Number of protein chains: 2
Amino acid sequence: MTQNKLPALSPSETEILRLVWQLDKATVQDVCDKLPAKRKIAYATVQTLLRRLEKKGYVKHNINGKAHVFFPAVKREHVIKRSVGDFLDRLFGGDPVPLMQYLAEHDKISAEDIEKLKRLTGEK
Amino acid sequence: MTQNKLPALSPSETEILRLVWQLDKATVQDVCDKLPAKRKIAYATVQTLLRRLEKKGYVKHNINGKAHVFFPAVKREHVIKRSVGDFLDRLFGGDPVPLMQYLAEHDKISAEDIEKLKRLTGEK
DNA sequence: TGACGACTTGTACAAATGTACGATATAATG
DNA sequence: CATTATATCGTACATTTGTACAAGTCGTCA
């Protein structure tokens, strides 16, 4: 079983953590580079966020020469579960259907996507 | 067009706002009563949250005798759009498919739900 | 091996957030 | 009309969050 009492993630921390997962292993610089053009955060800020993420137990780091190389310390799956759960509770009182509906109605999800999903749940 | 530059909602504010929508019109007390058993917040805290929500423009209130009766000042649809968008960006880099997948894989969504959704998008 | 640069660390700080006490105002009741 | 029960309001305050400067450290290149 995965550790369950991790401190909550702030929005910005979540953003950074996502990039660390995406990169698998990343220096502060790597994360900065990977930031979406729309959401530019200063190097120093990313640093702080990574530091806090580490203190909270979401990432760890190795030292490669001068650089710190951060990597995830928790399963993505696990964090997603919590985050989605919280989000659902806050905005929809825990009911996932309206969220699906929203996604479906806004062309964020294509019919094919839903097909795929149907197959997934069906086979389960 | 709906007003677009509303200040961001904090998690707790979101929670309260959801209840106001649900109740349509609500006093502080009403909101307190409606709070999920798991998430009990003190009366005074709910008050503050409603005040802040009003200052930010998400709710307004009438006075009925001594009691303040709060009601939504923004379309639910509108807030949901923003919230879901932000959430998706933070946790999934904007891609909704993994979210659907998560929901589907965790029995949060039944096959019937997906059927319904499929019909929805199909008819669009 | 000494100077240069890339990185980290320590520290700071304003704003936002979560939470709530004490004082005040008011509807209702006897 | 005085009392009481109930609400609100102003205010407060510890944390968390977002953001970042300045100083220190450690490879590296000439």
Side-chain angles (χ1 to χ4, degrees), chain A residues 5-20 23 25-36 38-71 82-83 86-87 89-91, chain B residues 5-20 23 25-36 38-71 82-83 86-87 89-91:
Chain A
K5 273 311 179 203
L6 294 157
L9 286 169
S10 80
S12 289
E13 284 168 356
T14 306
E15 217 173 332
I16 300 300
L17 182 54
R18 176 176 72 80
L19 296 176
V20 175
L23 293 164
K25 284 174 184 341
T27 64
V28 177
Q29 196 59 60
D30 293 337
V31 173
C32 285
D33 295 344
K34 203 74 177 180
L35 280 170
K38 275 299 159 54
R39 178 93 174 79
K40 276 307 173 197
I41 309 175
Y43 185 99
T45 303
V46 172
Q47 240 172 181
T48 301
L49 261 1
L50 279 169
R51 247 183 277 162
R52 288 180 186 166
L53 239 14
E54 179 155 36
K55 172 167 292 176
K56 290 188 180 180
Y58 287 95
V59 305
K60 290 187 192 306
H61 80 272
N62 288 327
I63 298 187
N64 179 341
K66 62 197 161 192
H68 284 206
V69 181
F70 293 86
F71 55 91
R82 273 249 309 248
S83 300
D86 290 350
F87 180 71
D89 284 345
R90 263 184 270 122
L91 202 55
Chain B
K5 273 311 178 203
L6 294 157
L9 286 169
S10 80
S12 290
E13 285 168 353
T14 306
E15 215 172 334
I16 299 300
L17 182 54
R18 176 177 71 81
L19 296 177
V20 175
L23 293 164
K25 283 173 183 342
T27 65
V28 177
Q29 196 58 62
D30 293 337
V31 173
C32 284
D33 296 344
K34 203 74 177 183
L35 280 171
K38 275 299 159 54
R39 180 90 174 80
K40 275 308 173 197
I41 310 175
Y43 184 98
T45 303
V46 173
Q47 237 173 184
T48 301
L49 261 0
L50 279 169
R51 245 183 279 160
R52 287 181 186 165
L53 239 15
E54 179 154 34
K55 174 167 292 178
K56 290 189 180 180
Y58 287 94
V59 305
K60 292 186 190 307
H61 79 272
N62 288 327
I63 298 188
N64 179 342
K66 63 197 161 192
H68 284 205
V69 181
F70 293 86
F71 56 91
R82 275 248 309 248
S83 301
D86 291 350
F87 180 70
D89 285 345
R90 262 184 271 123
L91 202 54

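Residue numbering restarts at 1 for every chain, and letters A, B, ... go by the order of the sequence lines. The structure displayed is predicted, hence computed values, not measured ones.
A search for side chain to side chain donor-acceptor pair (under 3.5 Å) contacts involving A:D86 returns nothing, not counting sequence neighbours. The side-chain contact (heavy atoms from CB on, under 4.5 Å) check on B:D89 picks up nothing, with sequence neighbours excluded. With sequence neighbours excluded, no residue forms a ring-ring contact (aromatic ring centres under 6.0 Å, His included) with A:Y58. A:T45 is linked by a side chain to side chain donor-acceptor pair (under 3.5 Å) to nothing, counting only residues two or more places apart in sequence or in another chain.
The side chain of B:Q29 places no N or O atom within less than 4.0 Å of a non-bridging phosphate oxygen (OP1 or OP2) of D:dT6. Side-chain N/O atoms of A:H61 include none lying less than 4.0 angstrom from OP1 or OP2 on C:dT8. Note on A:Y43: a side-chain N or O is less than 4.0 Å away from OP1 or OP2 of C:dT8.
The CG atom of B:L50 sits 16 Å away from the C1' atom of D:dG10 (whole-angstrom rounding). Rounded to whole Å, the distance from CG on A:N62 to P on C:dC7 is 17 Å. At whole-Å resolution of the value, NE2 in B:H68 and P in D:dT6 are 18 Å apart. For the pair A:Q47 CD and D:dA22 C1', the computed distance is 12 Å after rounding to whole Å. A:D86 has its CG atom 16 Å from the P atom of C:dT17, to the nearest Å. If you take CG of B:D33 and C1' of D:dT6, they are 14 Å apart, rounded to a whole angstrom. Atom pair A:N64:CG and C:dT8:C1' shows a separation of 14 Å (rounding to whole Å applied). When the P atom of D:dA7 is taken as reference, atom CZ of B:F70 falls 13 Å away, rounded to whole Å.
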Check nucleotides 2-6 of chain C for protein N or O atoms closer than 3.5 Å to its own N or O atoms and list the pairs.
none

Strictly under 3.5 Å: I want the nitrogen or oxygen pairs between protein and nucleotides 16-20 of chain D, one per line.
from   : atom 1 : to    : atom 2 : distance (Å)
D:dT17 : OP2    : A:K56 : NZ     : 2.9
D:dG18 : OP1    : A:S12 : N      : 3.4
D:dG18 : OP1    : A:S12 : OG     : 3.1
D:dG18 : OP2    : A:S10 : OG     : 2.6
D:dG18 : N7     : A:R52 : NH1    : 2.9
D:dG18 : N7     : A:R52 : NH2    : 3.4
D:dG18 : O6     : A:R52 : NH2    : 3.1
D:dT19 : O4     : A:R52 : NH2    : 3.4
D:dA20 : OP2    : A:T45 : OG1    : 3.3
D:dA20 : N6     : A:T48 : OG1    : 2.8

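Rounding to the nearest 0.5 angstrom, the gap separating the CD1 atom in B:I16 from the CG atom in B:L35 is 5.0 Å. Distance check: A:S12 OG to B:R90 CZ gives 8.5 Å after rounding to the nearest 0.5 Å.
A distance-only check finds a donor-acceptor pair linking the side chain of B:K56 to the backbone of B:A8 [under 3.5 Å]. No donor-acceptor distance shorter than 3.5 angstrom exists from the side chain of A:K25 to the backbone of A:H61, with no hydrogens or angles considered.
Between B:E15 and B:R39, at least one side-chain nitrogen of the basic residue sits less than 4.0 Å from a carboxylate oxygen of the acidic one, meeting the salt-bridge criterion.
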